[in-house]
Amino acid sequence: MLKKIRKNKKGFTLAELLIVVAIIGVLVAISIPIFTSQLEKSRDAVTLSNLRAAYAQAQSAYLTQSSDNADATKATVVYTAPKDSAEATVVVKKVVSKGQDEGLNGLDELAWLTDAERKTLAAEDSLGGKAQNWDIKFTYNADGSIKSVEAADSSK
């Protein structure tokens, strides 16, 4: 009876197991670059979302001509308008950037940025670089249009 049990017992051969392992290895090798590119896209999306939120906060501060320092742990807004100047400045502090080595993509979606500002903000030494907090400075003309947008390191 013992011989009969051994004769009917079946399993995977070494060759079959090696083929399965090789297929899994190929699938992993294909999926790593795809995962990496999706991770970069998500970082860009987070940074763009934070930049859009900073723009909305700046617009609100400009229209109400007020600063918002209610919660110092989150982004704060500082509105300044010198008496003798037609310009107003709004600085949104502590805007988080999820930077990466390749720079920031997607700034062309933000119509309120000029081409020069897009290039500057996307650079490695700005929002497109390392992950950190930024102070985004919006300068407004007398007619309410945005004159310039700049980013500065919050830790400085």
Residues clustering with [X] (ILVMFWY side chains joined when closer than 4.5 Å, directly or via others):
X: Leu27; answer: Ile19, Ile23
X: Phe12; answer: Leu17
X: Val96; answer: none

| query | Under a 4.5 Å cut-off applied to non-hydrogen side-chain atoms, are Thr139 and Lys137 in contact? | reply | yes
| said: I'd like to check Ser148 versus Glu117 (side-chain heavy atoms, cut-off strictly below 4.5 Å). Are they in contact? | reply: yes
Output yes when a side-chain donor or acceptor of [X] lies under 3.5 Å from a complementary backbone atom of [Y], and no otherwise.
X: Ser49; Y: Ala45; answer: no
X: Asn141; Y: Asp143; answer: no
X: Ser126; Y: Ala122; answer: no

| query | Who passes side chain to side chain contact (heavy atoms under 4.5 Å, CB included) against Thr47, sequence neighbours left out? | reply |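 Expected list: Ser97, Lys98, Leu104, Leu127.
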| message | Checking Tyr62 now: which residues fulfil side-chain hydrogen bond (donor to acceptor under 3.5 Å, both in side chains) with it, not counting sequence neighbours? | response |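 Scan of Tyr62 (side-chain hydrogen bond (donor to acceptor under 3.5 Å, both in side chains), adjacent residues dropped) gives none.
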| task | Treat each ILVMFWY residue as a node, draw an edge where side-chain heavy atoms are under 4.5 Å apart, and state whether Leu63 and Val90 are in one component. | result |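 Yes, same cluster.
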| With sequence neighbours left out, which residue pairs that include part of residues 115-139 fulfil the ring-ring contact (aromatic ring centres under 6.0 Å, His included) condition? | Trp112-Phe138
For the [atom1] atom of [X] and the [atom2] atom of [Y], what is their distance to the nearest 0.5 Å?
X: Lys41; Y: Arg43; atom1: NZ; atom2: CZ; answer: 14.5 Å
X: Glu150; Y: Thr89; atom1: CD; atom2: OG1; answer: 9.0 Å
X: Ile146; Y: Gln59; atom1: CD1; atom2: CD; answer: 5.0 Å
X: Ile136; Y: Lys93; atom1: CD1; atom2: NZ; answer: 12.5 Å

| Below 4.0 angstrom, N of the basic side chain to O of the carboxylate: do Asp115 and Arg118 qualify? | yes
| Smallest separation among heavy atoms of Ala54 and Val95, with atom names |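 Where Ala54 meets Val95 most closely, the heavy atoms are CB-CG2, 3.8 Å.
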